[in-house]
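Notes to accompany the following structure.
Side-chain atoms are counted along with the backbone in the values below, which use heavy atoms only and exclude waters and symmetry mates. Every chain is numbered from 1, with letters handed out A, B, ... down the list of sequences. Here the structure is a predicted model, which is why all the values come from computation and not from measurement.
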Amino acid sequence: MNYIIPLTEITPRDQPRVGGKGYALARLAQHGFQTPLTYCLTVNAYNDYVGTTGLRERIFMELNRKDFKEMRWEEIWDASLRIRNLFLTTPLPSPLQTELADFFRASLADKNLVVRSSAPEEDSARASFAGLHESFVNVRGEEDFVHHVILVWASLWSDAALLYRQELGLDIEKSAMAVVVQELVVGQCSGVAFSRNPNDETQAVIEAVYGLNQGLVDGVVEPDRWLITRGTRRLVHNPPPVRPSCFRPEGDAVALVEMPPELAAAPPLSQEQVWQIYDMALKAESAFGAPQDVEWTFDQGTCYTLQSRPITTVAADGQDQRPWYLSLRRSFENLKRLRRRLEEELLPAMTVQAEELQKQDLSSLADADLAAEIERRHEIKAHWVAVYWRDFIPFAHGMRLFGQLYNDALRPADPYEFMALLSGAPLASLDRNRRLAEMADHLRQDRDQAEKIRQGEINALSPAVQQLLNDFLSTYGDLSCPVTGGQCQQGPQAVLHLVQELAAHPPRLVAVAPASIPALTEAFLSRFAGAKRTEAAEILDLARASYRLRDDDNIYLGRIEAQELKARQEAHRRLAERGLEVPGDLPTEELSRALLDGTYQPRVPEKKTTASNQTQIRARQLIGQPAGPGLAQGPARVIASFSDLTHFKHGEVLVCDAVDPNMTFVVPLAAAVVERRGGMLIHGAIIAREYGLPCVTGVPEATSLIRSGDALTVDGYLGIVVIE
Amino acid sequence: MPSDTPTSPATLPPEISTLLDSQHLAVLATHRQGQPHVSLVAFAASADGREIIFATTRSSRKYANLQVDPRAALLVDSRGHQEADFHRGQALSARGPVRELSDPDKASRLNLFLTKHPHLTDFVHSPSCALMCLAVHRYDYVSRFQRVIEYRITP
């Protein structure tokens with residue numbers, strides 16, 4: 001048998017085909033450790049699967065769409081999701097299917113299983129992939145077994161694993177995955193043991209939780225922790241403040257359940273058991289000749305070793321990027337907490353902050369106070385930008401979590417079908433567009449009024465349109481300013497210009513009629529029953545919040561940015577009165593100094609000049625990501641500066657660096673959207689989908705090789721842009 | 001596309017020079033009264049990419065076709081006849097008129113050609129063999145399966 005090896009038959013020669021985890025388990029068993037019933041599915045199975053189905057080349061074609069180093073984190077997410085869907089929708093070739101089925105019936109039928117990743121690159125001292133690939137606990141039945149083997153294979157291409165492999169310079173074309181299949185030991189308590197504390201090598205650390213290990217591994221259940229001084233065997237116990245819950249097998253998955261009160265009061269391990277685990281960790285260290293990170297579980301008094309891997313040496317310079325890559329994946333529990341933080345703390349605090357700044361009368365400040373205020377506002381903005389990156393960006397993972405659940409349950413041909421269930425949310429930029437459309441409707445019905453406005457007679461506005469315009473300006477600003485909510489005092493011309501252009505053409509409707517969403521939602525939820533249905537509904541709700549915030553967070557942040565800008569504009573006004581004209585992007589310190597010192601000549605940052613030889617080559621066809629399906633043609637309108645937006649004409653293709661929520665008001669005029677910045681779930685892609693426009697994102701040369709006026713064909717199915 | 005956007009030889013990207021250097025054979029397309037005809041030819045490209053040199057006997061069909069209409073296209077690619085060609089392969093097509101070389105232009109091109117294909121010495125020195133030069137007006141470079149960039153070269 002080529003594909004499956006029982007643990008007891010693994011020899012050193014097999015290491016490259018059973019992977020790091022599988023080989024370590026075989027060595028544990030040979031050294032007399034108690035291990036669960038275990039088999040290894042070799043990399044031959046993976047290679048035959050991806051080789052005979054053509055999947056291997058499809059993966060490389062996906063990853064080769066652009067230089068990996070140029071891919072943003074989100075684009076890697078997207079590529080990874082698409083690859084995962086390829087795995088989900090590609091059945092096993094029949095000889096492999098037959099062999100796995102025969103093996104399952106002969107050796108695993110009626111057992112609850114753990115299906116673990118075991119990549120050959122994994123668990124070497126240089127490259128610890130701990131936690132980067134997936135493992136599944138409590139898998140039952142033949143179909144589910146095969147499904148989870150495929151999911152483990154797919155996790156070779158997870159976003160975090162791809163990034164980490166790139167960081168280490170490993171050749172992805174040689175990557176393969178073995179799988180460890182174990183009988184699930186339903187322990188009463190479980191945990192990990194580090195034979196040496198990665199932070200203090202005089203110590204060993206043991207962590208334990210009731211039930212299964214899952215909560216400990218992803219940080220949802222806080223463990224009891226014991227620190228042991230290795231030489232003196234001095235033991236210190238740090239219990240968690242409370243032990244409210246633990247993970248148990250439930251149905252065909254694991255679930256977080258409430259702890260029985262009699263258990264919650266006591267630590268999961270007796271002192272004697274702590275020593276037993278400590279001795280096991282030391283024995284593992286001596287068997288492998290290096291400090292080990294051992295996963296274990298206690299069942300009916302027997303301690304099982306589930307896996308052992310070397311502790312990655314903590315780099316002296318603290319350059320281990322793995323924690324960051326791991327943070328890319330967020331559990332449902334983690335995201336729920338994050339959502340509460342965003343909705344209940346951060347967004348209200350941002351609103352309060354913006355309002356506090358708005359109330360201040362800048363014109364009454366002395367020059368010195370204004371200078372101090374500009375710096376204060378600059379710091380406030382920097383603070384919120386940092387919060388944005390730390391807390392808001394990761395929350396986008398709510399959409400991913402739902403997308404994965406949806407794809408697992410429905411296995412759709414289009415890996416982004418799930419987006420339809422998220423659309424129709426009351427996005428701030430759609431509200432803004434709705435108000436513009438309403439004004440355009442008025443002008444469409446009253447040609448006479450429209451004509452007068454075209455000739456510049458603003459007074460010809462009917463009271464109804466005047467009212468809509470005033471409301472619009474007070475809520476969203478006048479569109480002349482690159483920052484949402486910023487009152488740039490430019491007047492209503494830009495808005496009126498846009499409304500006229502909208503009125504000259506039939507209205508564009510938002511694509512997915514909200515009426516279809518309940519049916520789609522039910523089609524999704526009907527795949528689940530009982531508690532799982534409740535959880536599926538909660539994940540969908542979380543994803544909708546994530547989708548909405550993806551848009552709105554920019555607007556909240558924009559309001560704070562506008563207040564910094566307002567203070568800077570006051571400074572510019574005062575400097576202009578003294579006869580000093582300075583550019584708008586002058587650094588804050590220079591601006592303050594000029595304000596304080598009447599004789600100071602600020603250093604003006606040099607403008608970057610674009611290389612002229614870029615015009616000497618011509619793109620015929622550029623590749624990005626297919627971010628919104630459809631095919632459209634039209635002349636390009638390349639947005640180099642904000643003022644280009646005001647020239648935007650109906651039927652043009654919006655080509656830009658990144659669609660910012662503050663430019664989405666032209667999207668209803670556009671034939672298609674092309675962005676340099678990549679991602680399926682970025683703002684431009686979301687808005688394009690709302691309007692049913694073809695959209696291609698992640699085109700590296702979008703703004704350098706496409707020029708305004710070029711005739712474009714945007715293929716949103718294949719993610720390519722053709723320049724005629 | 002305005003046709004007045006020339007590229008200087010220096011702007012030909014290194015991946016194109018590398019491709020031209022690494023490949024020995026190219027597919028040459030000519031036609032006779034509209035009937036396309038393709039042939040495999042050994043080629044050598046000048047360092048600036050402006051000239052592609054190949055050899056043919058004067059009795060060949062491609063030679064006859066080029067006498068009537070010198071316009072030709074030539075495909076150079078990095079196929080390895082493996083599945084991985086789809087993500088790794090590059091293809092470069094060159095367009096331009098072909099002329100037969102004679103002295104004094106011929107010597108340096110002959111040297112270029114034989115440096116790359118020393119085993120063809122007897123062939124190119126045969127009195128029946130012509131050394132040909134395609135003056136490249138334009139390259140279309142395809143990589144990453146469907147990324148297509150054009151490079152125009154002014155004569």
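Within 6.0 Å of CD in B/Gln33 there are 12 or fewer heavy atoms belonging to other residues, nucleotides or ligands. Applying the 6.0 Å contact sphere to NE2 of A/His647 captures no more than 12 heavy atoms from other residues, nucleotides or ligands. B/Arg58 CZ: more than 12 foreign heavy atoms inside a 6.0 Å radius. Within 6.0 Å of CZ in B/Arg71 there are 12 or fewer heavy atoms belonging to other residues, nucleotides or ligands.
Considering CZ of A/Arg620 and CG of B/Asp140, their distance stands at 8.5 Å, rounded to 0.5 Å. Between the CZ atom in B/Phe145 and the CD1 atom in A/Ile720 there is a gap of 9.0 Å [rounded to 0.5 Å]. For the atom pair A/Gln621 CD and B/Arg147 CZ, the distance stands at 11.0 Å (nearest 0.5 Å).
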**OP:** Evaluate the criterion salt bridge (charged side-chain N to carboxylate O under 4.0 Å, His left out) for residue pair A/Arg58 and B/Glu83; output intermediate values, then yes/no.
**Re:** CA-CA 10 Å; A/Arg58 291 176 80 181; B/Glu83 202 178 38; over 6 Å; no
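The two atoms that bring A/Ile623 and B/Arg144 nearest to each other are CD1-O, 3.1 Å, heavy atoms only. Residues A/Glu173 and B/His87 approach most closely at OE2-NE2, 2.7 Å, considering heavy atoms.
The main-chain N or O of B/Glu150 is never found under 3.5 Å from a side-chain atom of A/Arg618 such that the two would form a donor-acceptor pair.
In this structure, the portions of B/Phe86 lying under 4.5 Å from any heavy atom of chain A include both its backbone and its side chain.
Across A/Arg56, A/Glu62, A/Arg65, the residue that shares the most heavy-atom pairs under 4.5 angstrom with chain B is A/Arg65.
Residues A/Leu622 and B/Ile149 form a side-chain contact, since some pair of their non-hydrogen atoms from C-beta on lies under 4.5 Å apart.
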